[in-house]
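Reminder, nothing fancy here: chain letters follow the sequence lines and each chain counts from 1. Because the structure is predicted, anything quoted here is derived from the model rather than measured. Computed over heavy atoms, backbone and side chain alike; hydrogens, waters and symmetry mates excluded.
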Amino acid sequence: MAELPKRYDPKAVETKWYRRWIDDRDFQANPRSSKPPFSIVMPPPNITGVLTLGHVLNNTIQDILCRRARMQGFEVLWLPGMDHAGIGTQTAVEKYLRRTENKTRHDLGREEFLRRVLEWQDKHGGIIIEQLKRLGCSCDWSRQRYTLDESYAAAVQKIFVDLYNKELIYRGRRMINWDPAAQTALSDEEVVSKPQKGNLYFVRYEIVEEPGRFLEIATTRPETIMADTAMAFHPGDKRYLGLLGKHAWRPLAREKIRIIADDAIDPEFGTGVLKVTPAHDALDFEIGQRHNLHVVDVLHPDGRINCPAVPELDGLDRFEARKKAAELLQARGLLAKTEPYENNVGFSDRSDVPIEPRVSEQWFLRYPKTNEALAAVRDHLIRFFPVHWEKVYAQWLQNIRDWCISRQVWWGHRIPAWYIVTRPSRLPEVAHASRLRDEEERKPEARLRMRDQDTCKPEARATIYVGIEPPPDAENWIQDEDTLDTWFSSWLWAYETMDEKTRAKFYPTNVLVTAPDIIFFWVARMIIAGLEFKPGKSNRDEDNVPFRHVYFTGLIRDKLGRKMSKSLGNSPDPLELIDKYGADGLRFGLMRIAPSGQDIRFDEKQIEQGRNFATKLWNVARFRQMHGVSEAAPRIDKKTLSIYAVELLARLNETIDAIEAAYREYQFNTVAQRLYDFVWSDYCDWFVEAAKTDIFSEDEAKKKSALAVMDFVLSAILRLLHPFMPHLTEELWSLLGFGKESIQFAALPEKMVLDGVADVPGKRQLALAIYQTVQAGRNLRAESKVPSNRKIGFILRADEKLISDQVSTLTRLLNAEEVRLDRKYRASAGNPVAVTPLGEIFLAIAATDKARERERLDKEIAKVENELRTAEHKLDHKAFVDRAPAAVVEEHRARLKNLSAQLAKLKQAREGLS
RNA sequence: GCGCGGUUAGCUCAGUGGUAGAGCACUACCUUGACACGGUAGGGGUCAGAGGUUCGAACCCUCUAUCGCGCACCA
């Protein structure tokens, strides 16, 4: 057999095996299988997306769960796919068009633009799927889905129509979050508030009925003054009570506005007077509704001022206009003062620009099944890991508000609604301030619509047609231009990606693996969708919830704790990491530092460790292979086991248990850490080194036994490790010939029963005592400045009978010339000595520097005395002896005895030196 | 303001009531027959602070400090 290279080369191995797995259709799920089902649907990445470390973490976890389930004998479905990312994709293509052709989507028109998006998608889209394959993901690619697949899109439309018919979806003119950069409405969840430094402007409004008297307000947004339609104070505020019902002059776009009183005003804030701007503030809009105020819009959709009445401001960007408005007021003596002020401003999650609250006609969903969704998690029909996310989820559901689902975007699922041509339902979004006012006053229906937001009303419904097919007399209707929020399609993802047969076998899915930042966007909404649309095999909630478990990963941050972002450039490219460290190295390195429920600080060093671990495993396998061919199904003979083998097998059992427990709680870092420690420390550092005595010996029986144990445990290691490092383990499995079949479907190792082995505890104890003696001896050598490579003699003053068989192993592990057993050895030349569980170990040289040796022993004595004192102290306490569990007391007594003996020996050695 | 999470070695983090741990970094020795992406040994911690519960607290409880996250408010 050819010797393996010194280093594992992931590149060739990873591609080779991934291709083999695909060719063999190992990842394909069979709905007709008699095996029990295990299923995961992948959170669909954006079609425009490229692989990030977040994806690596998330998908590695899913892959681990799926691969483990396959080994446990489940029929596994891991269903992959992508979503169309309406706003994101449209923005990307628009940018591209501007750069390459200097055109906007409006230049091209809807049809041509959509054609271009498809073209772009074919060229640049879906890279991420290929990248996931490089990571080794065992998805059933034959079932890959897309939110714009024909059948999927049809399902989204059907859901819309159904919900409309159930009167859960309605069209209304309401305050929404407007993104002036993307120029679309957003849902509440897509707005993130950030503290902003700005000013509080104190502006004076003259009272119409009392010229010369002014009413002062405080505002952060003087550029919206032209949209003021009232001034308001708290009804209990005596300072202003006399002004109720009077009017004030609006200082910009001069106009009379009413002075009103409303409970919503905080008398403590500013001057206690609020300028009411119903078109540009959510609270003001509500006040406006209560007092039947006009809504005057002075902003263009892109955030520029739209107010020809004030030419100085008209056309200016809102932030420039803010400064300019303050200057205008200042010049007119109406700006009392300006104070620096910090407040929270809503930013678009999409384009990172301040959101404009804006009155607009949009489609909304009244969430159904919110109580059931709450109960499903509260009663643990669905379990969250870590559990504290349950609270966050509940809090959101309890304060839930209607979901604005329409987007002024072309790329996506077009809303299946039509309006009668003769009566366009949409009001002009932008209107010259004075013109809009005219309209508002002239058109009673516009006023009506503001109050009756609800298009479920029959009179509103007569002008709207909602259906999967266009209306029969299509020429009289015009379809809504807007598309649906992307999340309105992905909330069906857990089941709409499956055909009927697949659903019957694999729905509900076992677990959803996702980042907590989409708990509302996606997780909660999927739960609601499952409960409302009931895709399960019965009507019971437990059959309809989309998943049993949700595992929330941590967020990956950079070394400094910052979120990874493109603009900071602090996000490493996973593909480069794979090139450098191998997919398995990346996977293992990342999993070892991925605690549950905690954010993860990324450091490339950790990935390097993953790679090093792969090399370590590779090399120990290489060592094994140098000593002949392994058994295909390694078996061990219990009667011939060395004490080191017994210790190793017992540790393997403990590791299997610990791993099993950690998986149950989704503690992937614990699984990885246990495997790492077992392989590196227990297997390589201790067992293999100790077993070399037998492996290199002439005694064929011993040699055979040691190699069999190596094989048995290595085979277990490969299987336990396979979910984390699929390529490497498959390669070694095949090279060592542990199975004809792929390791993917090999059964996980079970705990080995050590029943047939005599005196397991005694053997383990002896093995550990040997190891401790080795460590003590090595320490002596190092302390005495004996170079690591110099063979040197040791004398062990201990019971010869017990350890005579182990002397050769001791000699090997100590790199000793010889280890002389001498029960009656008398230290003559002040030999450096250490006390071990076996007895005392001496270095067979005269201490070259007696002072140094004394110092060393004094330190050692002090340490033992210290520990002894602690133990004594505890045992002196009557309360401890009386109340602590007997086993604990006994443990301390044994410890005390041990330490005393140690101390005596050390003191004796110390005396010999003086 | 409400809620959640963190604070343990220089760094990154394990550690659910009984002798404080790992990896990296650091120091010394070592290319010895799997591995220098390695081996051996070592130094390094008032477990954020205060109080309480307990025979016993890094761990449970209370408060404080501090960092982070979510929600609400924000004229």
Side-chain angles (χ1 to χ4, degrees), chain A residues 3-4 6-8 192-193 195 200-201 217-221 232 264-266 269-277 281 283-284 341-346 386 388-389 391-392 395-396 398-399 516-517 519-520 555 557 559 561 581 585 592-593 595 597-603 605-606 608-627 667 669-670 673 676-677 680-681 684-685 688-689 692 696 774-775 778-783 785-791 813-815 867 870-871 874 877-885 887-889 891-892 895 899:
Chain A
E3 196 177 308
L4 301 178
K6 244 170 130 171
R7 284 193 188 162
Y8 168 62
V192 288
S193 75
L200 202 51
Y201 301 88
I217 55 98
T219 181
T220 53
R221 303 200 61 189
I265 283 79
D266 175 5
F269 190 92
T271 61
V273 186
L274 173 72
K275 74 183 203 56
V276 185
T277 321
D281 184 277
L283 179 70
D284 292 13
Y341 184 66
E342 190 178 289
N343 67 338
N344 285 322
V345 175
H388 71 253
W389 291 108
K391 216 163 180 174
V392 177
Q395 199 181 17
W396 181 76
Q398 279 156 359
N399 300 302
D517 50 358
I519 184 169
F520 311 137
L555 242 46
R557 299 173 173 279
K559 253 176 131 169
Y581 303 110
R592 235 179 110 215
I593 54 158
Q598 218 92 295
D599 286 357
I600 297 153
R601 247 172 233 235
F602 180 78
D603 185 345
K605 277 263 182 264
Q606 292 154 328
E608 196 182 309
Q609 285 172 48
R611 188 265 323 259
N612 294 353
F613 181 58
T615 308
K616 186 74 181 177
L617 184 63
W618 176 260
N619 271 299
V620 77
R622 198 162 78 98
F623 172 76
R624 169 62 190 91
Q625 203 211 22
M626 287 171 174
H627 296 93
Q667 307 266 358
N669 58 333
T670 305
Q673 189 59 41
Y676 184 93
D677 289 343
W680 208 301
S681 174
C684 293
D685 290 347
V688 173
E689 291 306 324
K692 279 179 180 173
F696 289 123
V774 167
Q775 279 178 315
R778 284 167 175 172
N779 176 258
L780 278 186
R781 167 206 279 281
E783 291 283 345
K785 305 275 181 214
V786 179
S788 304
N789 61 344
R790 196 177 124 204
K791 301 248 181 199
L813 293 177
L814 283 166
N815 193 26
E867 284 178 45
T870 319
K874 274 201 152 179
H877 256 91
K878 195 171 178 308
F880 172 73
V881 181
D882 289 348
R883 309 185 72 160
V888 174
V889 177
E891 203 183 304
H892 277 80
R895 219 176 139 239
L899 288 167

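- Counting any heavy atom pair closer than 4.0 Å across all strands shown, A/I217 reaches no nucleic acid atom.
- The CD atom of A/Q609 sits 15 Å away from the P atom of B/rA14 (whole-angstrom rounding).
- Closest heavy-atom contact between A/R221 and A/K275: O-CE, 3.7 Å.
- Which of B/rC74, B/rG23, B/rU12 sits closest to the side chain of A/Q606 comes down to B/rU12.
- Of the two residues contacting RNA chain B, namely A/H877 and A/F696, the nearest-nucleotide position lying further toward the 5' end is that of A/F696.
- Nucleic acid contact for A/D882: none, since no nucleic acid atom lies under 4.0 Å from a heavy atom of the residue.
- Distance noted for atom P between B/rG6 and B/rU16: 12 Å (whole Å).
- At a threshold of 4.0 angstrom between heavy atoms, the contacts of A/Q395 include nucleobase atoms, whether or not backbone atoms are also involved.
- Between B/rC67 and B/rA28, the distance separating the two C1' atoms is 38 Å to the nearest Å.
- If you check every strand for non-hydrogen atoms under 4.0 Å, A/L200 touches sugar and phosphate atoms only.
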Which nucleotides of nucleotides 39-46 of chain B have their base under 4.0 Å from a protein heavy atom (B), which only their sugar-phosphate (S), and which neither (-), written as one string 5' to 3'? BSSS----

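- Straight-line distance from the CZ atom of A/F520 to the C1' atom of B/rG3: 11 Å, rounded to whole Å.
- One P atom belongs to B/rU7, the other to B/rG49, and the distance between them is 12 Å to the nearest Å.
- Closest to the side chain of A/N343, out of B/rC74, B/rG56, B/rA34, is B/rC74.
- Remark: RNA chain B forms stems of 3 or more consecutive Watson-Crick or G-U wobble pairs, all pair distances under 3.5 Å, at B:1-7 with B:65-71, B:10-13 with B:21-24, B:26-30 with B:38-42, B:48-52 with B:60-64.
- The distance from atom CG of A/D603 to atom CD of A/Q609, rounded to the nearest 0.5 Å, is 8.5 Å.
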Does the pair A/L200 and A/N343 meet the rule for a side-chain contact (heavy atoms from CB on, under 4.5 Å), with working shown? CA-CA 10 Å; A/L200 202 51; A/N343 67 338; over 6 Å; no

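- Atoms CH2 and CD1, on A/W389 and A/I519 in that order, are 6.5 Å from each other to the nearest 0.5 Å.
- The nucleotide whose nearest atom lies closest to any side-chain atom of A/F880 is, among B/rA34, B/rG68, B/rC55, B/rC55.
- Remark: the backbone N or O of A/P787 is paired with a side-chain donor or acceptor of A/R781 at under 3.5 angstrom.
- Within 4.0 Å of A/P885, counting heavy atoms only, lies at least one base atom of the nucleic acid.
- Put simply, CG on A/L555 is 15 Å from C1' on B/rC4, counting in whole angstrom units.
- The side chain of A/R592 has B/rG23 as its nearest neighbour among B/rG23, B/rC71, B/rC55.
- With both ends at atom P, the span from B/rC59 to B/rC71 equals 32 Å, rounded to whole Å.
- In summary, of the residues considered (A/V620, A/L617, A/N619), a side-chain contact (heavy atoms from CB on, under 4.5 Å) with A/C684 occurs for A/V620 alone.
- Contacts of A/K878 with the nucleic acid, taken as non-hydrogen atoms under 4.0 Å apart, are absent.
- Closest contact between the side chain of A/K605 and the listed nucleotides B/rC55, B/rC24, B/rC74 involves B/rC24.
- Ranked by how close their nearest RNA chain B nucleotide is to the 5' end, A/R557 and A/E342 are led by A/R557.
- For A/R611, the side-chain atoms get nearest to B/rC37 when compared with the rest of B/rA34, B/rG18, B/rC37.
- For the P atoms, the distance from B/rG56 to B/rG18 is 14 Å, rounded to whole Å.
- The A/N789 side chain lies nearest to B/rC30 when the options are B/rC4, B/rC30, B/rU19.
- Across all their heavy atoms, A/A264 and A/L283 have their closest contact at CB-CD1, 3.9 Å.
- Closest contact between the side chain of A/L283 and the listed nucleotides B/rC37, B/rC74, B/rC55 involves B/rC74.
- Atom pair A/H388:NE2 and B/rC71:C1' shows a separation of 14 Å (rounding to whole Å applied).
- Below 30°, between 30° and 60°, or above 60°: for A/H892 and A/F880 the angle between ring planes is above 60°, a perpendicular geometry.
- A/T615 comes within 4.0 angstrom of a nucleotide base, judged by non-hydrogen atoms across all strands.
- Among the heavy atoms of the strands lying under 4.0 Å from A/R895 is at least one base atom, whether or not backbone atoms are also near.
- For the atom pair CD of A/Q775 and CG of A/L814, the computed distance is 10.5 Å after rounding to the nearest 0.5 Å.
- For B/rG38, neither phosphate oxygen OP1 nor OP2 lies less than 4.0 angstrom from any side-chain nitrogen or oxygen of A/K6.
- Regarding A/E891, its CD atom lies at a distance of 10 Å from the P atom of B/rG18, rounded to whole Å.
- Across B/rC60 and B/rC47, the matching P atoms stand 16 Å from one another, rounded to whole Å.
- Residue A/H877 qualifies as open at atom NE2: its count of foreign heavy atoms under 6.0 Å is 12 or below.
- Note that CD of A/Q395 is 7.0 Å distant from CZ of A/F520, once rounded to the nearest 0.5 Å.
- Counting any heavy atom pair closer than 4.0 Å across all strands shown, A/E867 reaches a base atom.
- Counting to the nearest Å, the P atom of B/rG38 and the CD atom of A/E689 are 14 Å from each other.
- Spacing between atom CG of A/N619 and atom C1' of B/rA34 amounts to 5 Å, rounded to whole angstrom units.
- Between A/L274 and the choices A/D281, A/T219, A/I265, the side-chain contact (heavy atoms from CB on, under 4.5 Å) rule is met once, by A/I265.
- Taking atom CZ of residue A/R883 and atom C1' of nucleotide B/rU53, one finds them 12 Å apart after rounding to whole Å.
- A/R778 places a side-chain N or O within 3.5 Å of a backbone atom of A/L813 that can act as its donor or acceptor partner.
- Within 4.0 Å of A/Y201, counting heavy atoms only, lies no atom of the nucleic acid at all.
- Applying the 4.0 Å criterion to OP1 and OP2 of B/rC35, one finds that A/R622 has a side-chain N or O inside that range.
- Atom P of B/rC26 sits at a distance of 23 Å from the matching atom of B/rG21, rounded to the whole Å.
- Under 4.0 angstrom from either OP1 or OP2 of B/rG38 there lies at least one side-chain N or O belonging to A/N612.
- In this structure, A/R624 reaches neither bases nor backbone, as no heavy-atom distance under 4.0 Å exists between it and the strands shown.
- Between A/R601 and B/rC13 there is a side-chain N or O to OP1 or OP2 distance below 4.0 Å.
- One C1' atom belongs to B/rA48, the other to B/rU66, and the distance between them is 8 Å to the nearest Å.
- Taking the six-membered ring for Trp and thresholds of 30 and 60 degrees, A/F696 and A/F623 have ring planes more than 60 degrees apart, a perpendicular arrangement.
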